[in-house]
Amino acid sequence: MATWQDRPRCDEAPSWAPLLAHAQRAFTGKDAFDLRAGFAADAQRAARFSFEAPHVRADLSKNLIDAEAQRLLTKLAHECGLESHRDALLAGEPINASEQRAVTHVAWRNWAPATAESAPAALYSIADWRAQMLTLADAVRADEAITDVVNIGIGGSDLGPRMVVQALSAAQATSGPRVHFVANMDGHELAALLRQLRPEQTLFLVASKSFGTAETMRNALSARAWYQAQGGADVARHFVALSANPTAARAFGIERCLGFDEGVGGRYSLWSSIGLSIAIAVGREGFEALLAGAHAMDRHFAETPLARNLPVQLALLDLWYRNALHLASRCVVPYLHGLRALPAYLQQLEMESNGKRVDAHGRTVPFATAATVWGQAGSNGQHAFFQALHQGSDVVPVEFVLSATAAHSLPEHHRKLLANALAQARALMMGQPGDAPERHFPGNRPSTVLLLPDQSAQSIGALLALYEHRTFALGSLWGINSFDQWGVELGKRHAGEIENALLSPDADACAALDASTAALVGWLRQG
Ligand SMILES: O=P(O)(O)OC[C@H]1O[C@](O)(CO)[C@@H](O)[C@@H]1O
C-alpha cells in the first residue's frame with residue numbers, strides 16, 4: 001500500500017489503463033451504454049448506485065456508469081493510496097507541501113487527531129479561538145444597539161459564510177441583527193449598502209485570512225472612512241478583524257482580532273473565526289449544529305469503506321467523467337432558494353483547489369483536471385439553460401440538490417419544487433422521440449440527486465463537508481495539492497501595474513504594457 005508521500009498518481013496505477021479501455025469499449029460508439037437499457041437489464045441498479053451518508057442520501061444511478069466502471073474506479077482509489085492520504089489529512093500531517101503546512105479545517109469541527117504527537121500546535125488553540133468567537137457572537141446578538149452586521153471579505157472569506165447565512169436564514173426565523181455581505185471591489189456594492197446603515201448601529205467584520213487582499217482592504221478603508229465621516233468615533237467597538245494575520249489587522253487600525261491558524265485554507269474557512277457572521281446570524285447553537293453536521297460527514301469519510309464512501313464515490317464519478325468520458329463541465333442545480341449561492345461557492349472550492357496542470361511534485365499532468373462547475377437555483381434554471389442540457393450538443397452531468405422537507409408553510413410549493421427536480425432528472429434520462437427533429441429529446445443524459453432531510457444547520461454542515469472531501473479525494477487521485485492557489489497571484493500583480501498606469505498622466509506609464517492593454521488604458525484615461 002502506497003504511503004501518502006509516495007502514492008501513485010491515477011495514471012500510474014494498474015487500474016488506469018483497464019478503466020480507460022472499459023470506457024472506450026462500453027461507453028463510446030453505437031453500442032455505447034444507455035441508461036434506459038442499464039435500468040432494464042439490472043433491477044438492482046437504483047439500489048446499487050445509491051449511497052447513505054449522514055444527512056445526505058445520494059442517487060447516482062442515473063449516471064453513465066456501470067458496475068465494472070465502479071469496480072475499477074474503487075480499485076484505482078485503493079491503488080492510489082487515497083486512504084493513507086485521507087488519514088494524513090485527518091492526522092494533521094503537513095500535506096500542503098508547497099506551503100509546508102498541515103490542513104486544519106477538519107479540526108475546527110472537532111476532529112481530534114489520532115495521536116497527540118501528530119497534531120499541529122494550532123489544534124490546541126482552536127477551542128480558545130472558537131470560544132472567543134461564540135462569546136462575541138452572543139454579545140452582538142444581545143446588543144440591541146447593533147442592528148446591522150456587515151461582513152467585508154472576498155473568496156473564501158465571503159462565499160461560504162454568505163451561502164450558509166442565506167441557507168439557514170431561509171429555513172429558520174433568526175432573531176439577531178441583520179447580516180450583510182460585501183465582497184466586490186466595485187464600489188456600487190458597498191455604496192448601496194451604506195445608504196441603508198447608521199454608523200452607531202453597525203458592526204463591520206473585516207474577514208481576511210491574509211489581511212492583505214486588495215478588495216477587502218479597499219472596502220474596509222471605505223467603510224471606516226464612511227463610519228468616521230458620519231460622526232462615528234468608536235472604531236474599536238464597530239470594527240472587528242477575522243484573520244490569521246492579527247499584526248496586519250492592528251497595523252490597519254483594528255485592535256479586536258479573532259484569530260485562526262494558517263492551516264485553514266480560505267475556501268475551507270467558514271468553520272473557523274471567518275464564520276462569525278454565521279454565528280451572529282444563527283446563534284451559538286446553530287453554529288455548533290453546523291459543525292456537528294460536518295463532523296458526522298468527517299466520520300463517514302474517515303471510517304466508511306471506499307466502495308460505500310460517498311465523497312470518494314462522487315470524486316471517482318468526477319474522475320470518470322473528466323478523464324474517461326472527457327466531459328468538461330458539471331452543472332449544479334440546488335432546488336433550494338437558500339442554497340442559490342452553492343454553484344458560486346463550488347466554483348471556488350473545486351476550481352481553485354483542483355484547477356491545476358502540475359501535480360504536487362511539479363510534473364505536468366497528462367490528463368484533464370478540474371471541470372468547469374456552473375449552475376443556478378432550480379426551478380429558475382429550467383427557464384434558462386435546461387434547453388441546452390436536454391437538447392444541446394454537449395453532455396453535461398447535472399447535480400440536483402434537494403431537501404425532503406421545507407421550513408415554510410406553503411406545502412404546495414415544496415411538492416411542486418420536488419416534482420420539478422425529479423421530472424428534470426427523469427426527462428434528461430428518458431428523452432423522447434419527436435415527430436419533428438426539433439422536438440426530439442435524445443435522453444441518456446446523466447444526473448445525480450443529493451437529498452437532504454431538511455435545511456437544518458446539521459444538514460448544511462454535512463453537505464458542505466461532503467463537497468470538501470469530494471474535492472480533496474479528486475485532487476488526491478490526480479496527485480494535485482488541493483490546498484494552494486498560486487494561480488491567483490499573477491493577475492493581482494498586473495492589477496497594481498495597471499492601476500499605476502491609469503493614475504499616471506505620463507504617456508510612458510504604459511510603455512511596459514502590451515499594445516492591447518495600453519490602448520485600453522488610453523481609452524479609460526480619456527474617460
Ligand atoms: O481571506 P483572504 O486572505 O482575504 O483571501 C481571500 C481569497 O483570496 C484568495 O486567496 C484568492 O485570491 C482565496 O484563496 C481566498 O479565499
Side-chain angles (χ1 to χ4, degrees), residues 95-96 98-99 101 103-105 108 122 129 133 150-165 181-186 189-190 204-224 239-254 257-278 341-356 369-370 373 464 467-468 471-472 475 480-499:
I95 63 163
N96 178 357
S98 70
E99 297 176 320
R101 52 171 91 124
V103 170
T104 55
H105 58 275
W108 277 84
W129 279 320
M133 198 253 277
V150 182
N151 186 87
I152 297 177
I154 197 163
S157 299
D158 169 76
L159 291 165
R162 186 194 288 257
M163 177 181 66
V164 172
V165 168
F181 291 85
V182 172
N184 205 317
M185 190 180 272
D186 182 342
E189 190 181 15
L190 179 63
F204 291 96
L205 312 178
V206 184
S208 174
K209 178 180 172 184
S210 59
F211 225 83
T213 302
E215 292 90 335
T216 302
M217 295 302 104
R218 184 60 262 164
N219 280 322
L221 279 170
S222 298
R224 186 172 60 187
F239 283 78
V240 176
L242 315 175
S243 184
N245 188 354
T247 313
R250 267 194 293 278
F252 183 89
I254 301 181
C257 179
L258 295 188
F260 59 98
D261 56 297
E262 289 283 351
V264 178
R267 51 197 174 275
Y268 300 87
S269 65
L270 70 95
W271 323 98
S272 73
S273 305
I274 290 289
L276 177 61
S277 53
I278 302 172
L342 184 66
Y345 164 84
L346 291 178
Q347 281 169 347
Q348 189 199 14
L349 178 65
E350 299 186 19
M351 295 166 76
E352 194 167 85
S353 296
N354 291 337
K356 294 166 188 169
T369 61
V373 189
L464 301 186
Y467 277 117
E468 287 181 350
T471 303
F472 162 75
I480 280 174
N481 176 2
S482 301
F483 300 105
D484 61 12
Q485 59 284 321
W486 298 101
V488 300
E489 296 304 324
L490 182 59
K492 293 181 189 172
R493 221 183 59 221
H494 283 308
E497 288 164 22
I498 293 171
E499 191 181 352

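Atoms within a ligand are numbered from 1 in the order they appear, just like the ligands themselves.
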**Report entry** Arg101 to Phe483 six-membered ring, cation-pi geometry met (6.0 Å, 45°)
**Finding:**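 Ring-cation test returns no.
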Query raised in the report: Is there a side-chain contact between Leu270 and Leu464 (heavy atoms, below 4.5 Å)?
Result: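 The answer is yes, as the side chains (C-beta and beyond) meet within the 4.5 Å cut-off.
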Query - Arg218/Glu215 ion pair, N-O < 4.0 Å - result: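 No salt bridge links Arg218 with Glu215.
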For ligand 1, which atoms, with element, lie under 4.0 Å from some heavy atom of [X]?
X      : value
Gln485 : 14 (O)
Ile154 : 6 (C), 7 (C)
Ser208 : 1 (O), 2 (P), 3 (O), 4 (O)

Looking only at protein heavy atoms, which one is nearest to [atom], and what is the separation?
atom                    : result
atom 13 (C) of ligand 1 : Glu352 OE1, 3.4 Å
atom 2 (P) of ligand 1  : Thr213 OG1, 3.2 Å
atom 3 (O) of ligand 1  : Ser210 OG, 2.6 Å

Requested in this report: Spell out, as yes or no, whether a donor-acceptor pair under 3.5 Å connects the side chain of Glu189 to the backbone of Ala183.
Outcome: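 Yes, the answer is positive, given that a donor and an acceptor are paired below the 3.5 Å cut-off.
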Requested in this report: Report yes or no: does Thr369 contribute a side-chain atom to a donor-acceptor pair with the main-chain N or O of Lys356 at less than 3.5 Å?
Outcome: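 Here the side-chain-to-backbone pair exists.
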Query raised in the report: Are more than 12 heavy atoms from other residues, nucleotides or ligands located less than 6.0 Å from atom CD of Glu497?
Result: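 Yes, because the 6.0 Å sphere around CD of Glu497 holds more than 12 heavy atoms from other groups.
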Query raised in the report: Looking only at heavy atoms of Gln348, does any of them come nearer than 4.0 Å to an atom of ligand 1?
Result: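 Distance cut 4.0 Å: Gln348 passes for ligand 1.
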Query raised in the report: Does Lys492 reach ligand 1, in the sense of a heavy atom lying below 4.0 Å from it?
Result: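 Lys492: in contact with ligand 1 (<4.0 Å).
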Query raised in the report: Considering Gly156, Ala214, Ser157, Ala207, which one's heavy-atom position lies nearest to atom 1 (O) of ligand 1?
Result: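 Checking each option, the heavy atom nearest atom 1 (O) of ligand 1 is found in Ser157.
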Query raised in the report: Minimum heavy-atom separation for Cys257 to Ala249, with atom names?
Result: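 Minimum heavy-atom separation between Cys257 and Ala249: SG-CB, 4.4 Å.
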Query raised in the report: Based purely on interatomic distance, does Thr216 place a nitrogen or oxygen under 3.5 Å from a nitrogen or oxygen of ligand 1?
Result: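 No.
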